[in-house]
Novice: 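This is the structure I want to talk about, given as structure tokens.
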Amino acid sequence: MKILSAEQIKAADAYTIKHEPIKSIDLMERAAGLCFDWIYDNAPKLFPPSITEESAWVFHVVCGVGNNGGDGLSIARQLQRNGYNVEISIVHFTDKASADFTTNSGKLGAAKKLVKDFKKSGDVPFFAQDSVIVDALFGTGINRPAE
């Protein structure tokens, strides 16, 4: 496995968007789909046997309002659509949401009722021990120290 720096990730995204070509929102959807596929393939015990049965596990997707948060919203939407129990926490560190975050927020549909909004990360509640946490707070665009 190769771990890329933030600059390398930004360059890879820009290259893909330019040469494929693909819109950034579609690249985000592709990445979220691959993340969902990994969850489905690697955590089969978490997948409910049928969409009508409740799973004891809850996926808590914690999002910022940048593009990484947009990825999180797409993952949450796919989890919810496939029968997983999902809760979405959006931490509004700023009033300026990215365009792709806003687009994915608009696509939530039925999952919109799962959203809880917070002004700072310290307001997000603790999660139960049988929770799965998807961290979509900060991405390569962070321009300040993480607190």
Novice: Are Ile39 and Val132 connected into the same hydrophobic cluster when the rule is that any two of I, L, V, M, F, W, Y join if their side-chain heavy atoms are below 4.5 Å apart?
Specialist: yes
Novice: For Leu34, which fellow cluster members are found when Ile, Leu, Val, Met, Phe, Trp and Tyr are connected by side-chain heavy-atom distances below 4.5 angstrom, either directly or through intermediates?
Specialist: none
Novice: Could you check if a side-chain atom of Phe36 sits within less than 4.5 angstrom of a side-chain atom of Ile75, using non-hydrogen atoms only?
Specialist: no
Novice: Could you check whether Asn67 and Ser98, counting side-chain N and O atoms only, form a donor-acceptor pair closer than 3.5 Å?
Specialist: yes
Novice: Looking at every non-hydrogen atom in both residues, tell me the closest pair between Ala136 and Gly72 and how far apart they are.
Specialist: CB-CA, 3.6 Å
Novice: Decide yes or no for Glu29 and Gln78: does some side-chain heavy atom of the first lie under 4.5 Å from some side-chain heavy atom of the second?
Specialist: yes
Novice: Do Val65 and Val115 belong together in a cluster built from hydrophobic side chains that touch within less than 4.5 Å?
Specialist: yes
Novice: Would a hydrophobic clustering, with Ile, Leu, Val, Met, Phe, Trp and Tyr connected at side-chain separations under 4.5 Å, put Phe93 with Ile133?
Specialist: yes
Novice: Hey, mind stepping through Val61 and Leu73 against side chain to side chain contact (heavy atoms under 4.5 Å, CB included) and telling me if it holds?
Specialist: CA-CA 8 Å; Val61 183; Leu73 293 178; over 6 Å; no
Novice: Please determine whether side chain to side chain contact (heavy atoms under 4.5 Å, CB included) holds for the pair Val86 and Arg77, giving the CA-CA distance in whole Å, both sets of side-chain angles, and the decisive distance to 0.1 Å.
Specialist: CA-CA 9 Å; Val86 179; Arg77 189 178 74 246; over 6 Å; no
Novice: Tell me the closest heavy-atom pair linking Ser89 and Val124, and the distance in Å.
Specialist: OG-CG1, 4.2 Å
Novice: Do you know which two heavy atoms are closest between Pro125 and Phe118, and how far apart they sit?
Specialist: CD-CZ, 3.6 Å
Novice: Would the distance check show the side chain of Thr103 and the main-chain N or O of Ala99 forming a donor-acceptor pair, the cut-off being under 3.5 Å?
Specialist: yes
Novice: So which heavy atom on Gln80 is nearest to which on Ala110, and how close?
Specialist: NE2-CB, 4.3 Å
Novice: Quick one, Ser131 and Phe126 - any side-chain contact, counting heavy atoms below 4.5 Å?
Specialist: no
Novice: Answer yes or no: is there a donor N or O on one side and an acceptor on the other, between the side chain of Asn82 and the main chain of Tyr84, under 3.5 Å?
Specialist: no
Novice: Just distance, no hydrogens or angles: give the donor-acceptor pairs under 3.5 Å from side chains in residues 14-22, sequence neighbours left out.
Specialist:
residue	atom	partner	partner atom	Å
Thr16	OG1	Ala12	O	2.9
His19	ND1	Tyr15	O	3.1
Glu20	OE1	Arg30	NH1	3.4
Glu20	OE2	Arg30	NH1	3.4
Glu20	OE2	Arg30	NH2	2.4

Novice: So do the side chains of Leu108 and Ile88 get within less than 4.5 Å of each other, counting heavy atoms only?
Specialist: yes
Novice: May I have the step-by-step check of side chain to side chain contact (heavy atoms under 4.5 Å, CB included) for Phe127 and Val58, ending in yes or no?
Specialist: CA-CA 9 Å; Phe127 303 114; Val58 177; over 6 Å; no
Novice: Rounded to the nearest 0.5 Å, what separation is found between the SG atom of Cys35 and the CG atom of Leu79?
Specialist: 7.5 Å
Novice: Salt bridge (Lys or Arg N to Asp or Glu O under 4.0 Å): which pairs involve residues 86-112, sequence neighbours left out?
Specialist: Glu87-Lys116, Asp95-Lys119
Novice: With rounding to the nearest 0.5 angstrom, report the CG to NE2 distance, Asp135 to His60.
Specialist: 13.5 Å
